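In this text, all values refer to a predicted model and were calculated from it rather than measured experimentally. FYI, side chains are in, hydrogens and waters are out, and symmetry mates aren't considered; it's all heavy atoms of this structure.
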Amino acid sequence: MKPGVILYGPPAAGKDTVTSALARADRRYEPFTRLKIGSGKTDNYRMGVMADLERLEAAGDVVYRNDRYGNVYVIDRPGLADAFAAGVPVVHLGQVAGVQELLAGYPAKWLTVLLWCPKAVTEQRSQGRRDTDTATRIAVWEETQDDLVAHAGFRFDLTLRTDLTQPPQAARLIRQALWRRSEDPAA
């Protein structure tokens with residue numbers, strides 16, 4: 001099985017920044033571009049329409065779907081196949097259920113990484129990048145914390161505090177952990 005990385009964390013925890021650091025360290029690491037049905041930010045998404053989602057659902061190709069910020073976000077089997085063909089996909093998720101569904105629904109040597117930062121850091125980063133919905137992002141940070149409590153039995157392979165770990169160091173730690181996992185025949 002091929003290796004892949006799942007980055008889980010609240011808004012502004014550094015998923016994009018760490019993914020960029022991974023790609024700078026090794027060009028095989030590529031952000032997985034989820035299918036997005038809706039409006040707003042289009043960078044790092046494959047934009048689609050409801051007919052695209054309906055086709056994927058009819059074919060059984062939706063691995064995970066979530067509705068947030070008035071949009072629908074989809075991790076789909078064809079998109080994952082393309083991402084694995086291109087390199088090592090880095091999938092961003094904000095729900096433990098999504099991590100669990102991806103682990104169960106698409107076989108790979110996944111490394112699960114919890115990226116965390118305090119709520120004040122999320123707020124500062126959100127304001128710094130001029131998000132227009134910082135209050136919503138803070139509410140989602142709280143939901144993420146509640147999600148971790150509700151899924152206390154779920155263990156991530158690696159946990160990184162992004163307010164204490166610089167992106168190049170986070171990328172190095174992720175690459176090392178993924179390499180160890182890939183070398184372990186029991187993983």
Side-chain angles (χ1 to χ4, degrees), residues 3-34 36 40-46 64 66 68-69 71 73 75 79-80 83 86-103 108 110-152 154-181:
V5 177
I6 301 170
L7 299 181
Y8 169 92
K15 293 181 287 291
D16 287 334
T17 302
V18 169
T19 300
S20 294
L22 281 165
R24 279 192 303 277
D26 184 334
R27 283 183 277 166
R28 292 177 296 176
Y29 289 86
E30 291 280 335
F32 175 73
T33 53
R34 285 184 290 170
K36 179 179 179 180
K41 180 181 167 189
T42 59
D43 293 343
N44 301 319
Y45 293 104
R46 292 177 288 133
Y64 180 66
N66 73 303
R68 169 109 32 218
Y69 309 118
N71 299 303
Y73 300 90
I75 296 175
L80 286 168
V88 179
V90 181
V91 180
H92 298 179
L93 282 165
Q95 305 81 26
V96 174
V99 174
Q100 292 171 320
E101 288 189 34
L102 181 52
L103 292 172
W110 292 109
L111 178 77
T112 59
V113 182
L114 168 59
L115 298 181
W116 192 255
C117 65
K119 182 169 35 174
V121 172
T122 286
E123 183 173 20
Q124 177 186 26
R125 289 176 179 171
S126 180
Q127 291 170 344
R129 64 187 192 190
R130 302 198 189 295
D131 290 338
T132 59
D133 58 352
T134 296
T136 300
R137 304 217 178 244
I138 294 303
V140 173
W141 184 97
E142 293 168 353
E143 291 172 16
T144 304
Q145 186 175 41
D146 293 344
D147 189 36
L148 288 169
V149 170
H151 295 91
F154 184 82
R155 295 288 173 248
F156 289 88
D157 299 312
L158 181 65
T159 299
L160 299 171
R161 284 272 309 261
T162 59
D163 58 317
L164 303 175
T165 309
Q166 292 298 313
Q169 180 185 14
R172 181 178 52 77
L173 293 169
I174 290 168
R175 290 174 62 226
Q176 288 173 344
L178 186 60
W179 180 81
R180 283 192 301 273
R181 176 176 277 296

message: Apply side chain to side chain contact (heavy atoms under 4.5 Å, CB included) to residues Ile138 and Glu142 and explain how you reach the verdict.
response: CA-CA 6 Å; Ile138 294 303; Glu142 293 168 353; 4.2 Å; yes
message: Does any part of the side chain of Gln145, heavy atoms only, come nearer than 4.5 Å to the side chain of Leu148, both counted from C-beta?
response: no
message: Can a donor-acceptor pair be found, under 3.5 Å and without considering hydrogens, that links the side chain of Arg137 to the backbone of Pro11?
response: no
- request: Quick one: closest heavy-atom pair of Ser126 and Ala12, and the distance?
  value: N-CB, 4.3 Å
task: State the OG1-CG distance between Thr162 and Leu115, to the nearest 0.5 angstrom.
output: 6.0 Å
- line: All heavy atoms of Asp147 vs all of Gly94, minimum pair found to be OD2-O, 4.0 Å
task: Search all heavy atoms of Pro3 against all heavy atoms of Val88 and return the closest pair with its distance.
output: O-CG1, 3.6 Å
message: If you count every heavy atom of other residues, nucleotides or ligands that lies below 6.0 Å from Arg27 atom CZ, does the total exceed 12?
response: no
- line: Taken to the nearest 0.5 Å, the spacing of Leu93 CG from Asn66 CG works out to 7.5 Å
- request: Answer yes when Asp163 and Arg161 have at least one side-chain N-carboxylate O distance shorter than 4.0 Å, and no when they do not.
  value: yes
I'd like a table of donor-acceptor pairs (distance under 3.5 Å, sequence neighbours excluded) in which one partner is a side-chain atom from residues 17-25, with atom names and distances.
| from | atom 1 | to | atom 2 | distance (Å) |
| --- | --- | --- | --- | --- |
| Thr19 | OG1 | Lys15 | O | 2.7 |
| Thr19 | OG1 | His92 | NE2 | 2.7 |
| Ser20 | OG | Asp16 | O | 3.1 |

Residue pair Leu80, Val91: steps toward the side chain to side chain contact (heavy atoms under 4.5 Å, CB included) verdict: CA-CA 9 Å; Leu80 286 168; Val91 180; 4.3 Å; yes
- prompt: Considering all heavy atoms of both residues, which atom of Leu178 and which atom of Gly4 are nearest to each other, and what is their separation?
  reply: CD1-O, 3.8 Å
Counterpart residues, ring-ring contact (aromatic ring centres under 6.0 Å, His included), relative to Tyr8 (two or more places apart): Phe156
message: Tell me if a side-chain donor or acceptor on Trp141 pairs with a main-chain N or O of Cys117 at a distance below 3.5 Å.
response: yes
message: Are the side chains of Lys41 and Lys36 in contact, using a 4.5 Å heavy-atom criterion?
response: yes
message: Are more than 12 heavy atoms, taken from residues, nucleotides or ligands other than Gln166, located less than 6.0 Å from that residue's CD atom?
response: no
message: The test is side chain to side chain contact (heavy atoms under 4.5 Å, CB included); show your working for Thr144 and Trp116 and say whether it passes.
response: CA-CA 10 Å; Thr144 304; Trp116 192 255; 3.9 Å; yes
field: Shortest non-hydrogen contact between Asp157 and Trp110, atoms and distance
entry: OD2-O, 3.7 Å
From Leu158 atom CG to Leu173 atom CG, the distance as rounded to the nearest 0.5 Å: 6.5 Å
- prompt: With distance as the sole test, does Arg46 use its side chain to make a donor-acceptor pair with the main-chain N or O of Thr33 at under 3.5 Å?
  reply: yes
message: Please enumerate all residues that pass ring-ring contact (aromatic ring centres under 6.0 Å, His included) together with Tyr73, with sequence neighbours excluded.
response: Tyr45
task: For Arg28, look at atom CZ and say whether over 12 heavy atoms of other residues, nucleotides or ligands are found less than 6.0 Å away.
output: no
- request: Determine, step by step, whether Gln100 and His151 satisfy the side chain to side chain contact (heavy atoms under 4.5 Å, CB included) criterion, reporting the C-alpha distance in whole Å, the side-chain angles of both residues, the deciding distance to 0.1 Å, and the verdict.
  value: CA-CA 10 Å; Gln100 292 171 320; His151 295 91; 3.8 Å; yes
- line: To the nearest 0.5 Å, atom CG of Leu103 lies from atom CZ of Phe154 at 5.5 Å
field: Donor-acceptor contact present, side-chain Thr134 to main-chain Glu123, <3.5 Å
entry: no
